[in-house]
S.K.: 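First, the structure itself, so that you have it in front of you.
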Amino acid sequence: MSIDEQKALLEEISPELLVYEKKVEEKKLPPLPNAIKGRVVTRLPPEPSGYMHIGHAMSGILNYVYAKMYDGKVWLRFEDTDPRKIKLEYYESFRRGYRWLGIEWDYEKNNSEDIDLFYDYAEKIIEMGRAYVCFCDPERIKSLRKIGVECEHRSHSVDENMKYWKMMLNGEFKEGEAILRLVGNMKDKNTTMRDPAIFRIVEHEHPLTGKGYHVWPLYDFAASIEDSICGVTHILRTSEFILRDELQNYIRNLLGMSNPTYVEYSRFEFKGTPVSKRKLRAIIEAGLAERWDDPRFPTIEGLRRRGILPEAIREFTLTQTGFSYARREYDWSLLYSVNKKLLDPVARRFFFAPYPVKLEVEGLEAGELNIPYHPSNKSLGMRKIDYTDEFYISGIDAGNMRIGQTIRLKYLVNVKILQISSDKIRGKHVSGGPAQNIPIIQWVPAHRFIGIKILVPDVLYIDEEKINQESLKIIEGYSEENVNEVKVDEIVQFERFGFCRCDSATERVFIKTHD
RNA sequence: GCUCCGGUAGUAUAGUCCGGUCAAGUAUGGCGGCCUCUCGAGCCGCAGACCCGGGUUCAAAUCCCGGCCGGAGCACCA
């Protein structure tokens, strides 16, 4: 029975089976708990103490997409209350990164703008008798906290605490001599509730506020208040903060502020590519990389240089991710495949011969060839290649050849292999077109080609701690001259080699994105 | 060590709250075929999983207990 006959029969007996429904079912984000259309406010809370990386990106996308889904607003708020850690350049790294990802924020501020406000709230809490100045050294605090015992400073009166607090502000104590602690519960199972420090003295210049302040709020205090005054309704963040929810809610409750809804998930990690500054720095210190925008790094700049599209990161986050608490480690192939689907329809194709080997074809007359830049996307136009009877082909292809075999130079001619020597292959022009049993290979005219260099990135770590000493390979070869037109940032496909982003047009350096 | 939280194919996930429609869905990767002047893309197909052990129940991936394994937190960082 032919296909058509089968179809006709099926039509008669069970037509519904012919209604071929492809489950498009675009995976959508699950609904946000407690979300009201038009009222959702989320936030991007980077600490400007390092370069933005893919984890920040994915979290940022989640916060942004949810806000948009509910016609809400987004804050970009720098958590810059540790003067010692932060640097000016990092603020811009995040702004640039978010912009690159297509994340638009409605408001922007820095926690460091609100230090006076934090002082006001601190005084309120002191007046309530819910905070005290503690003079214990860090060791003592730690050990008392461990056994759940209060120190003598906790029983100071409100007046005494206010006096000490003013002394802190006036610079009468040095760094490390006094901190302001919240009255929590020293026996709470949640150790973050055991009288956490909320202010400490930092004798270090802040890149934005200079030397204006030396008493700085700690994270929980600053963040909980900021989230409230920014009107943040939903906090989507990684789960290492989960124990702090209770503390932050507690602080807001003391101040009569309302609490947001938390959605937490485990960190986004990629196999062999740690995000931690420590491990990345180890790579640099081992001399294997020079800069933080290295294409092997998970920094936003690194990913961009490698040729990962922002849309791919976004797609990936939305479709391959969930809100699991389980530890997860994504395989890069998951992201690559999303990236490839975006790149494939629009990337121009070029011929490239790695490890080039010369091929002479007897009986072939010189000529010129016009071929498309893309097999199906006509809008990418055509290119021209002049050729003679001498070519360069990939050394890998050359290695696979056998005497007597017929191969095809793509779009050009068939060649019967006559002789193979270490530096050269000879063949003769034979008639015929592409056929199923004839390998098709890419080629470059021997009189007109350009030398290019391709950096091929691999994972940085083989196991958790073992550095991959060969995480970057350099492949050199010849490409067709048309590659001269390729500008920096364009991502092309070198046929049967892979997608590569042009990293330097003048030096003709490319970075391999993926196959 | 203490306190939380997890464990669905190689990987990432859906399903778990409210047991049955889950002899477990999807994506990616693997394999095979079709198509194609790329070993790419596309199309079709195949293989592949509920951590282990008990219990509750007519019925458990889903509930309970124990074990094992993994992660996070235990800062005058965020």
Side-chain angles (χ1 to χ4, degrees), chain A residues 23 25-27 30 45-50 78-82 84-86 111 134 136-138 141-142 145-148 175-181 188-194 196-202 215-220 222-223 237-244 246 264 266-271 316 319-338 340-341 343-345 347 349-352 371-372 374-377 396-397 400 408-414 433-436 438-442 493-499 514-515:
Chain A
K23 258 203 250 167
E25 190 206 330
E26 186 196 336
K27 190 186 162 191
E47 182 192 30
S49 64
F78 287 99
E79 309 255 326
D80 56 351
T81 51
D82 187 349
R84 237 180 265 285
K85 281 169 73 182
I86 61 179
N111 286 358
C134 178
C136 298
D137 61 74
I141 290 178
K142 193 174 181 176
R145 194 175 267 145
K146 194 167 186 178
I147 55 174
E175 180 164 341
E177 285 182 352
I179 57 170
L180 187 68
R181 286 229 258 171
D188 204 302
K189 276 191 157 186
N190 180 349
T191 49
T192 62
M193 296 300 290
R194 323 245 259 225
I198 52 177
F199 282 86
R200 87 299 206 180
I201 298 166
V202 184
V215 175
W216 287 88
L218 273 312
Y219 167 71
D220 291 293
R237 51 148 72 137
T238 48
S239 53
E240 69 258 32
F241 295 100
I242 208 154
L243 261 3
R244 330 215 60 110
E246 186 184 358
E264 274 137 347
S266 72
R267 276 187 139 113
F268 303 106
E269 294 183 63
F270 284 81
K271 207 164 280 168
F316 176 79
T319 60
Q320 302 290 338
T321 284
F323 292 121
S324 101
Y325 283 126
R327 173 174 209 244
R328 50 182 163 193
E329 235 183 7
Y330 295 104
D331 196 290
W332 281 103
S333 64
L334 260 20
L335 214 205
Y336 294 162
S337 104
V338 176
K340 205 189 284 185
K341 280 185 175 58
L343 242 29
D344 190 79
R349 314 290 144 123
F350 291 94
F351 287 173
F352 167 61
I371 52 179
H374 191 282
S376 53
N377 183 351
I396 298 160
D397 289 337
N400 290 331
R408 178 168 177 78
L409 300 181
K410 187 171 177 179
Y411 294 130
L412 228 205
V413 292
N414 292 355
Q436 61 280 33
I438 300 178
I440 294 168
I441 66 169
Q442 283 62 221
Q493 188 202 51
F494 290 122
E495 289 194 17
R496 291 199 309 133
F497 181 85
F499 292 93
H514 44 61
D515 287 338

S.K.: In whole Å, what separates the C1' atom of B/C2 from that of B/C22?
M.R.: 39 Å

S.K.: Of the options B/U3, B/C76, B/G73, whose atoms approach the side-chain atoms of A/E240 most closely?
M.R.: B/G73

S.K.: Would you call the rings of A/H514 and A/Y336 parallel, tilted or perpendicular if under 30° counts as parallel and over 60° as perpendicular?
M.R.: tilted

S.K.: In whole angstrom, give the distance that lies between atom NZ of A/K146 and atom P of B/G73.
M.R.: 17 Å

S.K.: Take the protein atom CZ of A/F268 and the nucleotide atom P of B/U11, then report the distance between them rounded to whole Å.
M.R.: 19 Å

S.K.: Which nucleotide in the set B/G7, B/C77, B/U28 lies at the smallest distance from any side-chain heavy atom of A/S333?
M.R.: B/U28

S.K.: Can you find a side chain N or O atom of A/R237 that sits less than 4.0 Å from OP1 or OP2 on B/A72?
M.R.: no

S.K.: Identify, between A/D397 and A/K271, the residue whose nearest nucleotide on RNA chain B lies closer to the 5' end.
M.R.: A/K271

S.K.: Just by modelled atom types, is the A/S266 backbone N or O under 3.5 Å from a matching donor or acceptor in the A/R328 side chain?
M.R.: yes

S.K.: Can you see which heavy atom on A/G433 is nearest to which on A/I438, and at what distance?
M.R.: O-CD1, 4.2 Å

S.K.: Check this one for me: any side-chain N or O of A/R328 less than 4.0 Å away from OP1 or OP2 of B/U13?
M.R.: yes

S.K.: Taking atom P of B/U13 as reference, at what distance in whole Å does atom CZ of A/R327 sit?
M.R.: 12 Å

S.K.: Counting only Watson-Crick pairs (N1-N3 plus N6-O4 or O6-N4) and G-U wobbles (N1-O2, O6-N3), all under 3.5 Å, who is the partner of B/C37?
M.R.: none

S.K.: Can you tell me if the side-chain N/O atoms of A/R200 get under 4.0 Å from OP1 or OP2 in B/A78?
M.R.: yes

S.K.: Could you measure between the two C1' atoms, the one in B/A24 and the one in B/A14, and give it in whole Å?
M.R.: 10 Å

S.K.: Between B/G19 and B/C58, how far apart are the P atoms? Round to whole Å, please.
M.R.: 15 Å

S.K.: Which nucleotide, if any, forms a Watson-Crick or G-U wobble pair with B/G19, using both distances under 3.5 Å?
M.R.: none

S.K.: When the P atoms of B/C51 and B/G7 are considered, how many whole Å apart are they?
M.R.: 8 Å

S.K.: Tell me whether the side-chain N or O atoms of A/Q320 pair up with the base of B/U28 as donor and acceptor below 3.5 Å, since no angle test is needed here.
M.R.: no

S.K.: State which of B/C76, B/A41, B/A12 makes the closest approach to the side chain of A/P138.
M.R.: B/C76

S.K.: So, does A/K341 get its side chain near the phosphate of B/G42, meaning an N or O under 4.0 Å from OP1 or OP2?
M.R.: yes

S.K.: Nearest whole angstrom, please: distance from the P of B/C77 to the CD1 of A/I86.
M.R.: 13 Å

S.K.: Heavy atoms from C-beta onward define the side chain here; which of B/C77, B/U28, B/G73 lies closest to that of A/T192?
M.R.: B/G73

S.K.: In this structure, how many angstroms lie between the P atom of B/G6 and the CZ atom of A/R267, rounded?
M.R.: 19 Å

S.K.: Under 4.0 angstrom, heavy atoms only, what part of the nucleic acid is A/Q493 near: base, sugar-phosphate, or nothing?
M.R.: base

S.K.: Looking at side-chain heavy atoms only, is the closest gap between A/I141 and A/R181 below 4.5 Å?
M.R.: yes

S.K.: Does a side-chain heavy-atom distance below 4.5 Å link A/E246 with A/T192?
M.R.: no

S.K.: Would you say A/N414's side chain and A/R408's backbone share a donor-acceptor pair under 3.5 angstrom?
M.R.: no

S.K.: Determine which nucleotide pairs with B/G32, using a 3.5 Å limit on both distances of a Watson-Crick or G-U wobble pair.
M.R.: B/C44

S.K.: Among the nucleotides B/G7, B/A12, B/A41, which one has an atom lying closest to any side-chain atom of A/K340?
M.R.: B/A41

S.K.: Please determine whether a side-chain nitrogen of the Lys or Arg among A/K142 and A/D137 lies less than 4.0 Å from a carboxylate oxygen of the Asp or Glu.
M.R.: no

S.K.: Can you check whether A/T81 has a side-chain N or O nearer than 4.0 Å to OP1 or OP2 of B/A78?
M.R.: yes

S.K.: Are A/F316 and A/F268, when compared by the centres of their aromatic rings, separated by less than 6.0 Å?
M.R.: no

S.K.: Taking the minimum atom-to-atom distance to the side chain of A/L334, which one of B/U38, B/A27, B/C77 wins?
M.R.: B/A27

S.K.: Using a 4.0 Å heavy-atom cut-off across all strands, classify A/S266 as base, sugar-phosphate, or nothing.
M.R.: nothing

S.K.: At a cut-off of 3.5 Å, list every protein nitrogen or oxygen paired with a nitrogen or oxygen from nucleotides 61-65 of chain B, distance to 0.1 Å.
M.R.:
none

S.K.: Atom CD1 of A/I242 to atom C1' of B/G6: distance rounded to whole Å?
M.R.: 11 Å

S.K.: Using the P atom in both, what is the distance from B/A27 to B/A47, to the nearest Å?
M.R.: 16 Å

S.K.: Can you check the distance between B/G71 and B/C35, where both ends of the measurement are the C1' atom (answer in whole Å)?
M.R.: 46 Å

S.K.: For B/U21 and B/A60, measure between their C1' atoms and round to the nearest Å.
M.R.: 15 Å

S.K.: What's the gap between B/A23 and B/A61 when it is taken at their P atoms, as a whole Å value?
M.R.: 8 Å

S.K.: Starting at atom CG of A/L243, determine the distance to atom P of B/U3, rounded to an integer number of angstrom.
M.R.: 12 Å

S.K.: Of all the heavy-atom pairs spanning A/A223 and A/E79, show the shortest one and how long it is.
M.R.: CB-OE1, 3.9 Å

S.K.: Could you please name the partner base of B/C2, counting Watson-Crick and G-U wobble pairs only when both distances are under 3.5 Å?
M.R.: B/G73

S.K.: Does the side chain of A/Q442 come within less than 4.5 Å of A/F497's, by heavy atoms?
M.R.: no

S.K.: Taking only N and O in the side chain of A/Y330, is any of them less than 4.0 Å away from OP1 or OP2 of B/U13?
M.R.: yes

S.K.: Pick base, sugar-phosphate or nothing for A/K85, based on heavy-atom distances below 4.0 Å to the nucleic acid.
M.R.: base

S.K.: Side chain of A/D82, heavy atoms from C-beta onward: which of B/U38, B/A78, B/C76 has the nearest atom to it?
M.R.: B/A78

S.K.: Mind checking who B/U26 pairs with, Watson-Crick or G-U wobble, both distances under 3.5 Å?
M.R.: B/A12

S.K.: The side chain of A/R244 is closest to which nucleotide in this list: B/A12, B/C37, B/A78?
M.R.: B/A78

S.K.: Of all the choices, B/U11, B/U13, B/G40, which nucleotide is nearest to the side chain of A/R349 once you look at every atom?
M.R.: B/G40

S.K.: Just the rounded figure in Å: distance from C1' of B/U3 to CG of A/N190.
M.R.: 8 Å

S.K.: Look through every strand shown and name the nucleotide pairing with B/U57 as Watson-Crick or G-U wobble, where both distances are under 3.5 Å.
M.R.: none

S.K.: Any donor and acceptor pair, going by atom type alone, linking the side chain of A/R194 with main-chain N or O of A/R145 inside 3.5 Å?
M.R.: yes

S.K.: Can you work out whether A/P434 or A/V338 has the more 5'-proximal nearest nucleotide on RNA chain B?
M.R.: A/V338

